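As the structure is a computational prediction, the values presented were derived from the model and not from experiment.
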Number of protein chains: 2
Amino acid sequence: MLTSVATTRNIVSEMKDRAASVIHSGSRFATSNVLGLMGVTVRYERGAEIFAEEEPAEYIYQIVSGTARTCKLLSNGRRQIGAFLMKGDYFGMEARDTHCFAAEAITDVTVHMISRSAAFAAAGREPEVARALWDITARNLDASQQHSLLLGRKTALEKIGSFLSEMAERQGCDDEIDLAMSRQDIADYLGLTIETVSRTMTQLECAGTIALPSSRHVVLKRHIELERLSLC
Amino acid sequence: MLTSVATTRNIVSEMKDRAASVIHSGSRFATSNVLGLMGVTVRYERGAEIFAEEEPAEYIYQIVSGTARTCKLLSNGRRQIGAFLMKGDYFGMEARDTHCFAAEAITDVTVHMISRSAAFAAAGREPEVARALWDITARNLDASQQHSLLLGRKTALEKIGSFLSEMAERQGCDDEIDLAMSRQDIADYLGLTIETVSRTMTQLECAGTIALPSSRHVVLKRHIELERLSLC
DNA sequence: CGGCGAGTTGAAGGACATCAAGGGATGTGG
DNA sequence: CCACATCCCTTGATGTCCTTCAACTCGCCG
């Protein structure tokens, strides 16, 4: 496939400027896993910027391993994290030609990069691919709207409750979760300050709803209590 | 087109339960305006529910005229409006089989209804339709993420400034806007209370940034000042 | 040990919410 | 035409949740 070769060369040359390295270059479409095997696999170090706000949107990404975040900045340093990206999550699909948020690696991250043009070309040929692209975007939209409800109308306690429930569900874990992100990341995700996040976590611990053996490790002791807080 | 006939019959029977009436039933795809002429045209009265949260998502909608809102509810009556829908806007495209928010007519509203299955079938046949579907969804995603930034990290003054700028832009109007929505709608869109919306508007009027000849009619006197408030 | 970044905790302040009352437009009936 | 009701909006007084500012703790690493 011609575009794939050219694409790979572009990525490799770009990688010099970044804390990233090409791991594997696929050359075949897999219609079963639809977008899974297109493009190349790339690794970013913890803290690295995967792409910047306003950067041309040339690729679509899927997380293979690790955790990343999408974020937007406002003047005087205010930041809003739009989503935490974990294994299997797609991101970087923009309606316009430039990214309208930045993506950064929270931990070391491995991603599949698929060139936008190749993805659209494939979508034009194979309805399944087109449907998959749409489906991914629609799911991201769902998540974003759900998040708007949290940001606009939930209290700090409900926000933390919702966040912990979400993380538990996404880690497929019954009652223990490891947080890859800092308190600042959580605060910027929930529209709170780092101090309020900390205080609210402590409050939940005192109430016996959770335990905090360490700041990044949370034990959910009363899962039902969290569900009640999440409302929805 | 078989599905169109069946679809129309379904819609007509459903309309009995609602404050809506079928106006026109299209029977041909228009690949130029892509989704524009598929499906039927329906009218909803001011205040009518176009679809409810959790209702099966059978149709995709486009506003022909009037203004609508999408909203989600939380316990104790808290409400978040996800978007105001105006001429040309598409809504109701869900990743799942049920709507994850409700849609309601703010003014009398005319919409195109396109059956989901017909839209997807068309997308399978015509890449342009698939691309248009994706594009619409991606734009909605962009808007939703932009809105998250507002909800999570802007002050009341910035929220109102952003809101007025957005409305001015969407009405394609230089310096005067008519608000179809109530203060309560604005409050639920911006994550504020009705009182704060009112006070902030007054504050902007006192500062000479806007004029309020009536509560629903706003004159933007210093457009630049609003842009400054919107930040971004 | 000492320094640093991340997280926690306390005290004080502020932005927005809540509670309460009043104004202004529109409609209805006498 | 006015009385009256209703709805939407505005304004004021008070309250509170979250932020801000500041100090301290903990774990980690040279």
Side-chain angles (χ1 to χ4, degrees), chain A residues 46-47 67 69 74 76-81 106-107 150-164 177-207 210-218 229, chain B residues 46-47 67 69 74-81 104 106-107 150-164 177-207 210-218 229:
Chain A
R46 167 180 139 84
T67 303
R69 63 183 170 237
L74 226 45
N76 58 312
R78 283 175 292 176
R79 186 178 71 154
Q80 179 66 44
I81 290 183
I106 291 178
T107 61
L150 175 146
L151 289 170
R153 288 298 181 216
K154 289 188 181 178
T155 66
L157 198 58
E158 291 164 351
K159 285 176 176 180
I160 295 289
S162 302
F163 169 72
L164 292 176
I177 51 182
D178 282 298
L179 302 174
M181 65 292 289
S182 70
R183 293 289 189 265
Q184 185 64 63
D185 284 337
I186 299 173
D188 288 343
Y189 181 59
L190 301 177
L192 297 170
T193 59
I194 185 175
E195 293 95 332
T196 300
V197 171
S198 189
R199 265 186 264 270
T200 308
M201 295 277 240
T202 304
Q203 188 182 337
L204 283 172
E205 189 178 27
C206 291
I210 62 172
L212 286 165
S214 82
S215 68
R216 302 281 184 111
H217 188 77
V218 186
L229 281 176
Chain B
R46 168 179 137 86
T67 303
R69 63 184 171 236
L74 225 46
S75 63
N76 57 313
R78 284 176 291 177
R79 185 180 71 153
Q80 178 65 44
I81 290 183
E104 296 160 0
I106 292 178
T107 62
L150 176 146
L151 290 170
R153 288 297 182 217
K154 289 188 181 178
T155 65
L157 199 58
E158 292 165 350
K159 285 175 176 180
I160 295 288
S162 302
F163 169 71
L164 292 176
I177 51 184
D178 282 298
L179 302 175
M181 65 292 290
S182 69
R183 293 290 188 264
Q184 186 64 63
D185 283 337
I186 300 173
D188 288 343
Y189 181 59
L190 300 177
L192 298 170
T193 59
I194 186 175
E195 292 95 335
T196 300
V197 171
S198 188
R199 265 186 263 269
T200 307
M201 294 277 240
T202 305
Q203 188 183 337
L204 283 172
E205 188 179 27
C206 291
I210 62 172
L212 286 165
S214 81
S215 68
R216 303 281 184 112
H217 189 76
V218 186
L229 280 176

Inset, instruction - Starting at atom CD of A:E205, determine the distance to atom C1' of C:dG7, rounded to an integer number of angstrom. - result: 13 Å
Inset, instruction - Could you please spell out the steps behind the side-chain contact (heavy atoms from CB on, under 4.5 Å) verdict for A:K154 and B:L74? - result: CA-CA 9 Å; A:K154 289 188 181 178; B:L74 225 46; 3.8 Å; yes
Inset, instruction - Taking the side chain as every heavy atom from C-beta outward, state whether A:V197 and A:K159 have any pair of such atoms under 4.5 Å apart. - result: no
Inset, instruction - May I ask you to check whether over 12 heavy atoms, not counting those of B:R216, lie within 6.0 Å of atom CZ? - result: yes
Inset, instruction - Round to the nearest Å and state the distance from A:Q184 atom CD to C:dT8 atom P. - result: 13 Å
Inset, instruction - Can you figure out which of D:dC8, C:dT18, D:dT10 approaches the side chain of B:T193 most closely? - result: C:dT18
Legend entry - Distance in angstrom units between A:L157 CG and D:dT16 C1', rounded: 15 Å
Legend entry - Residue whose closest nucleotide on DNA chain C lies nearer the 5' end, A:R153 versus A:S198: A:S198
Legend entry - Spacing between B:D185 atom CG and D:dC7 atom C1', to the nearest angstrom: 14 Å
Inset, instruction - Please lay out, stage by stage, how B:L179 and B:F163 fare under the test side-chain contact (heavy atoms from CB on, under 4.5 Å). - result: CA-CA 11 Å; B:L179 302 175; B:F163 169 71; 4.1 Å; yes
Legend entry - Donor-acceptor pair, side chain of B:T67 and main chain of B:T107, under 3.5 angstrom: no
Inset, instruction - Identify whether any heavy atom of A:S182 sits under 4.0 Å from a base atom; if not, whether one sits that close to sugar-phosphate; answer base, sugar-phosphate or nothing. - result: sugar-phosphate
Inset, instruction - Please state whether the base of C:dC19 and the side chain of B:E195 form at least one donor-acceptor pair under 3.5 Å? - result: yes
Legend entry - Side-chain N,O (A:S215) to OP1/OP2 (C:dT8) below 4.0 Å: no
Legend entry - Atom-pair distance (CD1 on A:I160; C1' on C:dT8), nearest Å: 14 Å
Inset, instruction - Under 4.0 Å between any heavy atoms, over every strand shown, what does A:T155 touch: base, sugar-phosphate, or nothing? Just pick one. - result: sugar-phosphate
Legend entry - Any A:R199 side-chain N or O less than 4.0 Å from OP1/OP2 of C:dT9: no
Inset, instruction - Check the distance between C:dC16's P and A:K154's NZ and give it to me in whole angstrom. - result: 22 Å
Legend entry - Below 4.0 Å: OP1/OP2 of D:dT19 and any side-chain N or O of A:T196: yes
Legend entry - Rounded interatomic separation in angstrom, taking CG from B:L192 and P from C:dT18: 11 Å
Inset, instruction - Figure out the CE/P separation between A:M181 and C:dG7, and round it to whole Å. - result: 11 Å
